[in-house]
Each structure stands twice: as structure tokens, then as C-alpha cells.
Peer 1: 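Let me begin by handing over the structure; questions about it come next.
If you're wondering where the values come from, they're calculated on a predicted model, not measured in any experiment.
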Amino acid sequence: MHQMLLLSLLLSQWSRSESLDPDYTVIVEPKPWSDAQAHCRRFYSDLASVRDMKDQRRLERVLDGITDVWIGLHRTSDQLKDRKWHWSEPTVTYKEADAQWGILEPDDYRGPQNCVVINLWNNWNDKSCSEKYDCFVCYNESSSSVQIHDDKGRSWLEAQQYCRRHHTDLMSGLDQQEQVEKVKPFGKSSCWIGLFRDTWAWSDESPSSFRNWNSDSAINPETEKCAAVGGDGGWKSSDCSRKKSFVCAGGNLVLVKQNKTWEEALIYCRQNHRDLVWNIDTEPWKTQVQDQVRRSDSKLVWVGLHYACFFEAWFWVNGHYVPDDHKDWRKPGEGDCGDVAAVKKNGQWVNRKFEEEHNFICVRSCGCCHGN
Ligand SMILES: *[C@@H]1O[C@H](CO)[C@@H](O)[C@H](O)[C@H]1NC(C)=O
Ligand SMILES: *[C@@H]1O[C@H](CO)[C@@H](O)[C@H](O)[C@H]1NC(C)=O
């Protein structure tokens, strides 16, 4: 009965329904930032970029409580002249031609000023980000309107956090600013808007201006040139030589942290992704599988390797033959009808009975899969 089910499963078409799984992979083995970058570039695509609030929430889901992990953001320069202006809302691009600076602004008056207020005349003035202003302007995307808040003193970052929690973001771009001009006068001479400058950039050279700092101090210390995600999901700057777990983007394997029998795992992968993972003895999947297995919460992790009675031999789910004496077996030469294979934390393969329940690794449906 089980053999029949198994056979029909193995012969069935690959299902093509791709769920919107994040393509972030957490690597729990701590490394300095540049080693983490090298690892991601070699075995995935790059260290993770986080481009907006949606990415941020996906990232938090993937992290699942793991804290203090590197992402792909790093400071490219200490030079004030290398700072670039950005809008807080990442969909809005800063254009020099649109700038509405007041006379002699921006001026870095008495030290670096990296955040911006709008004044009574709708001109911009650079300010120190940690200064407190009562007034700030949020934009609410769902009502397509600006809201001018005027209550207690807030730093630029506190204003940004308020706007992101209650609306969409700090007011960003001239289209939104036009609305501010209509709502005037608002009685305050200076209100934070979503304009800031920094020298942070993404490892994958994504132009995204999205930042999710959790404190003012994170933006400033000169020695801390790499960004990590902290406990509350907010980002902090950190010394790049410190060893931390990290997040890569672009892998095409998914660890499913549910305990299922081998058959259930096969069905799950084919319904939600492409298949149980195969060819795990070659790169880049070899390393990706090791990274995933370390994060699993079961001792063993199912992979798409099964023993076919008829041929008395092991096969990957894609039909490729695996010799009994393959070096990755813990004990070579064994195999019985209905046996399937799992991977141990140390990377060795073991043969098991398919009704045991373990975590498993699927291959995503995508155009970038190797070795099929
Ligand atoms: C933002 O706009 C939506 C849709 O109009 C509305 O439901 C929501 O209350 C607004 N938020 C605030 C804080 O005004
Ligand atoms: C899966 O099984 C392991 C024991 O092998 C257990 O520690 C873990 O909590 C289980 N995970 C889930 C999601 O049930």
C-alpha cells in the first residue's frame, strides 16, 4: 500500500504552485560581517537587503525569535561629503532637482545635521537627528493624505517610528509635500519630514533607502559600520568584526520546521514548492542544506532520497542514482524496501523508516534551480 502510494507520488508531475515564502535564510553559525557576506555570495545570492516594511515583517517571521543577526547594510564611508539624501518612504526617490532648501541650507550648523525639518515657508532645513521637535508630518497611504502631528518633543527617529506605526511613514517627496502646503498654516515653524542623509548602503547594491533603526545612537558611532537586527526587529549598528549569525537572500531551499513523515513531507513540498531536496552532495545545495539542518528543531531532517526495492538501489526524487558507498552515508551499503534518507546535524546521511516524523527541506519552484 505504502509502496504504491510512494510510487505514484514519485511519478506524479511536479506541482508548480509557489507560495510567497520569503527567500531569506538565517545562518546560525556566527561570522564577522565580511565573512558572512562571502558565505552568502558564494552559496546564496548576497547578504539580505530589507527594502520596505513588508520585507521587514517577512524577515521577522524568518528570524522567529533569533536576535542580533547581520543584514546586508554597511557604512561605506565616514566622510561627510559622501552622505546621500534619501526619503524615509523607500518607494520615493530623492531627486536633487526637487530640493527645496532654505537659503544657505543644508549647512551642518555646529556639526553634522542629517535629518530635515520643513519650515513655515515650506523650505527645508537640515537638523541634528537627535534634536526634539513637537511637530512632524506623517503620510497615510490608505487615505492618501498627510497628517501634521503636534504634541510632544520627538527626535526624527521617534517621529519616523510613530508615523510607521500609525500611518505609513514620515512625509516623503514633493507630491506629499504639496498637500502639506494646502493644510497650512500649521503654526509651528519646524516639523520633521522624511528626509535624511547617511553613508549606509546595501551589500547587493540595492538602491533602497529603507532603514529601521531602533535608536538615535545607532546612526552615529563611527566605529560601528555594519547593521544587525536586534530583538524588537529594530536595527542597530555594530562593530563589523564581531561574530554574529546572519541572513542571506536568494537561496532556493526552504526548511520546513514541522514534523512530518517522509511521504507527508514529499506531498507538502510538491504542493507548496517544487520537491523534497535532491542532489545535496553538490554545491551550492550541500552548504545550503548544512545551514538549514543546523536550524532545524528535529535531530534528523528528511531529504528526497529513497530506496527503490525493484532496483535495489538508492535514488534521488529526480531519478538520479546514488551509490551505496557514497561517502556521505554514515554506514554504507544498507538499504531495505521502503527506506528513505535523512540528514544528521553533522551532515551525514542515515537510512530511516518513512513513518518517522522529522523536519524537512523543500526546493522552491523557480527558474534558478540547479541539478534537475
Ligand atoms: C489612515 O487611513 C486609513 C484609511 O483611510 C484609516 O482607516 C486610518 O485610520 C488612517 N490612520 C490614521 C491614524 O488616521
Ligand atoms: C519536532 O520533533 C522534535 C523532536 O524530534 C521536537 O523537539 C520538536 O519540538 C518538534 N517540532 C515541532 C514543530 O513539533
Peer 1: Do Ser238 and Lys244 have a side chain donor and acceptor closer than 3.5 Å?
Peer 2: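 Note: Ser238 and Lys244 side chains meet the donor-acceptor criterion.
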Peer 1: Which of parallel (below 30°), tilted (30 to 60°) and perpendicular (above 60°) describes Phe196 and His86?
Peer 2: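 Tilted, since the angle between the ring planes falls between 30° and 60°.
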Peer 1: Decide side chain to side chain donor-acceptor pair (under 3.5 Å) for Gln292 and Ser296; before the verdict, give the C-alpha distance in whole Å, the side-chain angles of both, and the deciding distance to 0.1 Å.
Peer 2: CA-CA 6 Å; Gln292 307 266 20; Ser296 67; over 6 Å; no
Peer 1: Does the pair Arg294/Asp291 count as a salt bridge with the N-to-O cut at 4.0 Å?
Peer 2: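 Looking at Arg294 and Asp291, the cut-off is met.
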Peer 1: Does Glu264 offer a backbone N or O that forms a donor-acceptor pair with the side chain of Thr261 under 3.5 Å?
Peer 2: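 Checked: pair present.
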Peer 1: Can you run down the salt bridge (Lys or Arg N to Asp or Glu O under 4.0 Å) pairs that involve residues 315-330, sequence neighbours left out, and say none if there aren't any?
Peer 2: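 Qualifying pairs, neighbours excluded: Lys286-Asp328.
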Peer 1: Each residue besides Trp33 in its hydrophobic cluster should be listed here, by chain and number; the cluster joins Ile, Leu, Val, Met, Phe, Trp and Tyr at side-chain heavy-atom distances under 4.5 Å.
Peer 2: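 When side chains under 4.5 Å apart are linked, the cluster holding Trp33 also contains Ile27, Phe43, Tyr44, Leu47, Trp70, Phe246.
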Peer 1: Is there a ring pair (Phe, Tyr, Trp, His ring centres under 6.0 Å) between Trp124 and Trp85? Walk through the geometry before answering.
Peer 2: CA-CA 13 Å; Trp124 303 343; Trp85 290 108; 8.0 Å; no
Peer 1: Would you mind reporting whether Trp200 and Thr76 have side-chain heavy atoms less than 4.5 Å apart?
Peer 2: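 SC-SC contact between Thr76 and Trp200 ruled out.
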Peer 1: Anything under 30° is parallel, anything over 60° is perpendicular, the rest tilted; go ahead and classify Tyr162 against Phe136.
Peer 2: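 Taking Phe136 first and then Tyr162, their aromatic rings stand perpendicular (interplane angle over 60°).
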Peer 1: Closer than 4.0 angstrom, basic N to acidic O: yes or no for Lys243 and Asp35?
Peer 2: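 The answer is no: the pair does not qualify as a salt bridge.
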Peer 1: Taking atom types as modelled, find out whether Gln113 and Ser128 have a side-chain donor-acceptor pair closer than 3.5 angstrom.
Peer 2: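 Looking only at side-chain atoms, Ser128 and Gln113 do not form any donor-acceptor pair under 3.5 Å.
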Peer 1: Do Ile280 and Phe315 sit in one hydrophobic cluster, given that two such residues count as connected whenever their side-chain heavy atoms are within less than 4.5 Å of each other, even indirectly?
Peer 2: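 No, Ile280 and Phe315 fall in different hydrophobic clusters.
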Peer 1: Taking C-beta and beyond as the side chain, do Cys337 and Tyr307 meet within less than 4.5 Å on heavy atoms?
Peer 2: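 SC-SC contact between Cys337 and Tyr307 ruled out.
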Peer 1: Quick one: do Lys132 and Glu158 make a salt bridge, cutoff under 4.0 Å?
Peer 2: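 Result for this pair is yes, salt bridge flagged.
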Peer 1: When rounded to the nearest 0.5 angstrom, what distance separates CD in Gln161 from CG in Asp169?
Peer 2: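 The CG atom of Asp169 is 11.0 Å from CD of Gln161, to the nearest 0.5 Å.
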Peer 1: Would you say that more than 12 heavy atoms from the other residues, nucleotides or ligands in this model lie under 6.0 Å from the NZ of Lys95, or not?
Peer 2: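 Check fails, neighbour count at 12 or below.
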Peer 1: Using only heavy-atom distances, determine whether the side chains of Asp198 and Asn114 contain a donor-acceptor pair under 3.5 Å.
Peer 2: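 Asn114 and Asp198 do not have a side-chain donor-acceptor pair below 3.5 Å.
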Peer 1: Could you tell me if the side chain of Ile66 sits less than 4.5 Å from the side chain of Val28, heavy atoms only?
Peer 2: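 Yes, at least one pair of side-chain atoms sits under 4.5 Å.
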Peer 1: Can you name the salt bridge (charged side-chain N to carboxylate O under 4.0 Å, His left out) partners of Arg51, sequence neighbours left out?
Peer 2: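 Partners of Arg51 by the salt bridge (charged side-chain N to carboxylate O under 4.0 Å, His left out) criterion, ordered by chain and then number, come out as Asp55.
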Peer 1: Strictly by modelled atom types, are Asp204 and Ser49 linked by a side-chain donor-acceptor pair under 3.5 Å?
Peer 2: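 On atom types as modelled, these side chains qualify, holding a pair under 3.5 Å.
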Peer 1: Kindly give the heavy-atom pair with the smallest separation between Val293 and Lys344, and that separation in Å.
Peer 2: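 Closest heavy-atom pair between Val293 and Lys344: CG1-O, 3.6 Å.
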Peer 1: Any side-chain heavy-atom pair from Gln176 and Leu174 closer than 4.5 angstrom?
Peer 2: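 No, too far: nothing below the 4.5 Å cut-off.
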Peer 1: Can you tell me how far the NZ atom of Lys331 sits from the CG atom of Asn351, to the nearest 0.5 Å?
Peer 2: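 Atom-to-atom, Lys331:NZ and Asn351:CG are 8.0 Å apart.
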Peer 1: Hey, does Leu305 have a side-chain heavy atom less than 4.5 Å from the side chain of Val340?
Peer 2: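 They are not in contact (no side-chain heavy atoms under 4.5 Å apart), so the answer is no.
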Peer 1: Can we say Arg154 and Asp134 salt-bridge, meaning some charged N sits less than 4.0 Å from an Asp/Glu carboxylate O?
Peer 2: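 Not counted as a salt bridge, because no side-chain N and carboxylate O are separated by less than 4.0 Å.
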Peer 1: Specify the closest pair of heavy atoms between Pro106 and Trp101, including all atoms of both residues, with the distance to one decimal.
Peer 2: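 Closest approach of Pro106 to Trp101: CD-CD2, 3.6 Å.
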Peer 1: Check this for me: Arg164, atom CZ, are more than 12 non-hydrogen atoms of other residues, nucleotides or ligands nearer than 6.0 Å?
Peer 2: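 More than 12 heavy atoms, drawn from other residues, nucleotides or ligands, come within 6.0 Å of this atom.
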Peer 1: Do the rings of Trp285 and Trp278 sit parallel, tilted or perpendicular, given the 30° and 60° boundaries?
Peer 2: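 Trp285 vs Trp278 ring planes: perpendicular.
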Peer 1: Does Lys345 have more than 12 heavy atoms from other residues, nucleotides or ligands lying within 6.0 Å of its NZ?
Peer 2: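 Check passes, neighbour count above 12.
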Peer 1: Any salt bridge linking Lys127 with Asp108? Criterion: basic side-chain nitrogen under 4.0 Å from a carboxylate oxygen.
Peer 2: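 The answer is no: the pair does not qualify as a salt bridge.
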Peer 1: Assess whether atom CD of Gln258 is packed by more than 12 heavy atoms of other residues, nucleotides or ligands within 6.0 Å.
Peer 2: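 Yes, CD of Gln258 has more than 12 neighbouring heavy atoms, counting only those of other groups under 6.0 Å.
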Peer 1: Specify whether Trp87 and Tyr94 have parallel, tilted or perpendicular ring planes, treating 30° as the upper limit for parallel and 60° as the lower limit for perpendicular.
Peer 2: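 The arrangement is tilted - the two ring planes meet at 30° to 60°.
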Peer 1: Passes side chain to side chain contact (heavy atoms under 4.5 Å, CB included), Val289 versus Leu253? Steps please.
Peer 2: CA-CA 8 Å; Val289 165; Leu253 303 187; 3.7 Å; yes
Peer 1: Can you find a heavy atom in the side chain of Phe360 that is under 4.5 Å from one in the side chain of Leu266?
Peer 2: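 Phe360 vs Leu266: side chains apart.
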Peer 1: Does any part of the side chain of Lys225, heavy atoms only, come nearer than 4.5 Å to the side chain of Asp78, both counted from C-beta?
Peer 2: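 Touching, per the 4.5 Å side-chain cut-off.
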Peer 1: List in chain and number order the residues that pass ring-ring contact (aromatic ring centres under 6.0 Å, His included) with Trp316, two or more places apart in sequence or in another chain; answer none if no residue qualifies.
Peer 2: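 ring-ring contact (aromatic ring centres under 6.0 Å, His included) check on Trp316 returns Trp349.
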Peer 1: For a quick check under 3.5 Å, do Thr91 and Glu89 share a side-chain donor-acceptor pair by atom type?
Peer 2: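 Yes, Glu89 and Thr91 have a side-chain donor paired with an acceptor closer than 3.5 Å.
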Peer 1: Between NZ of Lys260 and SG of Cys269, what distance do you get to the nearest 0.5 Å?
Peer 2: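 Lys260 atom NZ to Cys269 atom SG measures 10.0 Å (nearest 0.5 Å).
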Peer 1: Got a sec: does the NZ of Lys31 have more than 12 other heavy atoms crowding it under 6.0 Å?
Peer 2: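 Yes, enclosed.
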Peer 1: Does Tyr24 have Arg58 sitting over its ring (NZ/CZ under 6.0 Å from centre, angle to axis within 45°)?
Peer 2: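 Positive - Arg58 is close enough to the ring of Tyr24 and near enough to its axis.
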Peer 1: Nearest 0.5 Å, what's the NZ-CG distance between Lys299 and Asn359?
Peer 2: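 With rounding to 0.5 Å, NZ (Lys299) is 13.0 Å from CG (Asn359).
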Peer 1: Once you round to the nearest 0.5 Å, how far does CZ of Arg364 lie from CG of Asp275?
Peer 2: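 Arg364 CZ to Asp275 CG: 14.5 Å, rounded to 0.5 Å.
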Peer 1: Please test Arg242 against Glu224 for side chain to side chain contact (heavy atoms under 4.5 Å, CB included), starting from the C-alpha separation and ending with a verdict.
Peer 2: CA-CA 10 Å; Arg242 295 180 58 174; Glu224 302 188 335; 5.9 Å; no
Peer 1: Do the side-chain N and O atoms of Ser208 and Ser206 include a donor-acceptor pair separated by under 3.5 angstrom?
Peer 2: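 No, no side-chain donor-acceptor contact under 3.5 Å.
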Peer 1: Return the set of residues passing salt bridge (charged side-chain N to carboxylate O under 4.0 Å, His left out) with Arg41 (not counting sequence neighbours), or none when no residue passes.
Peer 2: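 For Arg41, the residues satisfying salt bridge (charged side-chain N to carboxylate O under 4.0 Å, His left out) (neighbours in sequence not counted) are Asp46.
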Peer 1: Between the side chains of Glu131 and Tyr133, does any donor sit under 3.5 Å from an acceptor?
Peer 2: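 Distance-only check passes for Glu131 and Tyr133.
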Peer 1: Starting from Leu300, can I reach Val256 by hopping between I/L/V/M/F/W/Y residues whose side chains sit under 4.5 Å apart?
Peer 2: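 They do not share one cluster, since no chain of ILVMFWY contacts under 4.5 Å joins Val256 to Leu300.
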Peer 1: For Asp339, is there an ion pair with Lys353 - N to carboxylate O distance below 4.0 angstrom?
Peer 2: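 A salt bridge links Lys353 with Asp339.
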Peer 1: Just how far is it from atom NE2 of His39 to atom CD of Glu29, taken to the nearest 0.5 Å?
Peer 2: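 Reported value, rounded in 0.5 Å steps: 7.0 Å.
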Peer 1: Could you walk me through whether Gln147 and Ser145 pass the side chain to side chain contact (heavy atoms under 4.5 Å, CB included) check?
Peer 2: CA-CA 7 Å; Gln147 254 103 26; Ser145 63; 3.7 Å; yes
Peer 1: For Phe310, which residues count as a ring-ring contact (aromatic ring centres under 6.0 Å, His included) partner, sequence neighbours excluded?
Peer 2: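 Result, ring-ring contact (aromatic ring centres under 6.0 Å, His included) vs Phe310: none returned.
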Peer 1: Do Arg295 and Val26 touch side chain to side chain, with heavy atoms closer than 4.5 Å?
Peer 2: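 SC-SC contact between Arg295 and Val26 confirmed.
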Peer 1: Give a yes or no on whether Val350 and Val343 share a hydrophobic cluster (residues Ile, Leu, Val, Met, Phe, Trp, Tyr; joining criterion: side-chain heavy atoms under 4.5 Å apart).
Peer 2: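 No, it is not one cluster - the side chains of Val350 and Val343 are not joined through contacts under 4.5 Å.
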Peer 1: For Met171 and Val180, what are the C-alpha separation, side-chain angles and deciding distance, and is it a side chain to side chain contact (heavy atoms under 4.5 Å, CB included)?
Peer 2: CA-CA 9 Å; Met171 182 221 96; Val180 180; 3.5 Å; yes
